Amino acid sequence: MRCWRVVILALALGFPGGGRAALERVDLLVTGGTVVTMDAERRVIENGAVAIRGSDIVAVGPTEELQRRYRARQRLRADGRLILPGLINAHTHAAMALFRGVADDRTLEEWLRNYIFPLEAKHTTAEFVYWGTKLAALEMIRGGITTFADMYYFEEEVARAASEAGIRVVAGETILDFPAPDFRTPAEALRYTQQFIQRWRGHPLVVPAVAPHSVYTCSAETLREAAALARRTGAPLLIHLAESKLEVEGIRKREGRSSVQYADELGLFEARVLAAHCIWVDAADQERLARRGVGCAHNPTSNMKHASGIAPVVALRAAGVAVGLGTDGVAGSNNDLNLFEEMDLAAKLQKVSTGDPRALPAREALALATIEGARALGREQEIGSLEPGKRADLILLRRDAPHAIPFYDVYSQIVYSLKASDVDASLIHGRVVLREGRVLTVDEGEVKRQAARLVAAVKESLAKKP
Ligand SMILES: [Zn+2]
């Protein structure tokens with residue numbers, strides 16, 4: 001009798017020898033890799049595993065332990081690989097992929113006035129944005145990005161293209177005080193944004209946002225209305241802030257305060273704000289950004305390429321600001337959507353600007369691209385680290401290329417040695433979107449054909465330029 005009780009108890013608790021019936025069921029078990037969790041303890045688990053049910057992570061731990069606890073419908077072997085949280089591109093204009101390299105090595109003003117604004121007026125259509133975003137999604141998924149924050153036009157197409165590609169997006173229609181490719185007035189763009197938020201709210205992959213372009217291209221009234229819409233709907237607010245010296249000097253001359261103080265006093269920071277760049281911010285601005293819970297998106301390549309300056313990332317973080325990492329758009333600000341490059345550059349820029357090689361060590365640079373990026377976006381409860389209860393957004397990295405050998409420190413290897421091309425699998429929301437380097441959710445041939453057609457038209461208008 002007693003013997004039976006022990007057996008029944010063993011079955012119920014799933015003890016070894018308790019039989020397979022006691023194992024908990026999961027959909028997918030990723031096993032045998034080095035798990036870099038980016039959780040609060042920054043745990044790294046050798047021969048680790050991640051158990052996934054539906055869209056969520058159920059458990060993270062040693063492979064042996066998880067195999068004892070779970071029976072998986074499917075298994076993904078990560079032998080010899082790193083298992084990382086998916087990377088978060090905290091600032092981009094994805095569809096600009098079709099303008100890649102169109103006008104490099106020019107001043108910001110010349111680039112915008114003579115190239116980007118005229119080209120966008122002529123070519124940026126709903127179709128252009130849809131295929132441009134698909135091309136960007138292909139590049140980002142291949143490079144380990146699982147979430148991106150986007151500010152562009154025809155944002156409905158961005159949401160559609162991203163959700164079809166299976167990549168997570170925080171999408172904001174750009175609001176401007178001068179005519180944009182899709183709207184003539186800020187009132188029209190605000191109305192569109194409101195409907196856009198209603199349509200996409202609650203979507204598993206798409207978070208609709210409010211995106212006034214900047215404090216120098218939007219009037220005080222437009223900025224106030226954008227903030228009110230974000231507050232009313234609970235949508236995040238994306239904006240460019242303190243990007244150039246010209247901007248902050250202009251605002252100081254006109255308003256008698258810094259860009260950050262001006263934005264705050266307009267009520268912008270009542271919303272959940274992710275501000276791109278934050279380069280020209282003094283100690284008072286940094287303290288204000290921290291106190292008001294504003295997240296920043298640091299874009300090292302873009303800032304270097306436009307010669308905008310170096311964001312004080314170390315000081316911002318010391319003040320308590322969450323800093324994410326972005327690529328910005330690829331039409332002049334950058335030429336690729338590659339967060340491995342941005343991590344590497346972010347770390348090195350802080351070293352050279354502070355004169356201290358200990359500034360922003362590799363582990364912290366990886367944090368910017370993962371958990372801190374999630375915090376800057378206000379989504380740290382869902383993404384940014386490998387922890388039970390979060391969405392299953394994770395990537396696998398090969399470490400057998402010559403540039404990956406040998407390795408002594410896992411964070412150094414990721415930030416300073418590994419490349420976007422080392423990513424060979426990716427899961428977003430529990431779905432495998434990349435396997436053995438191939439994107440499963442996008443017809444790559446079709447995207448390339450459509451891109452070639454749209455780019456031919458851009459080249460034609462460039463050839464006609466006087
Ligand atoms: Zn930008």
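Both ligands and their constituent atoms are indexed starting at 1 by order of listing. Because the structure is a prediction, the values reported are computed rather than measured.
For Glu109, the CD atom counts as densely surrounded, since its 6.0 Å shell holds more than 12 non-hydrogen atoms of other residues, nucleotides or ligands. Heavy atoms from other residues, nucleotides or ligands lying under 6.0 Å from CZ of Arg184 number 12 at most.
Residues in residues 328-344 take part in these salt bridge (charged side-chain N to carboxylate O under 4.0 Å, His left out) pairs, two or more places apart or across chains: Asp344-Lys348.
Less than 2.8 Å away from the Zn ion (ligand 1), the protein contributes these N/O/S atoms: His91 NE2, His93 NE2, His240 NE2, Asp328 OD1.
Looking at residues two or more places apart in sequence or on another chain, you find a side-chain contact (heavy atoms from CB on, under 4.5 Å) between Arg438 and Leu440. Taking the ring-ring contact (aromatic ring centres under 6.0 Å, His included) definition, one finds that His91 meets it with His93, His240, His277, sequence neighbours left out.
Cation-pi geometry between Arg399 and Phe407 is satisfied (NZ or CZ under 6.0 Å from the ring centre, within 45° of the ring normal).
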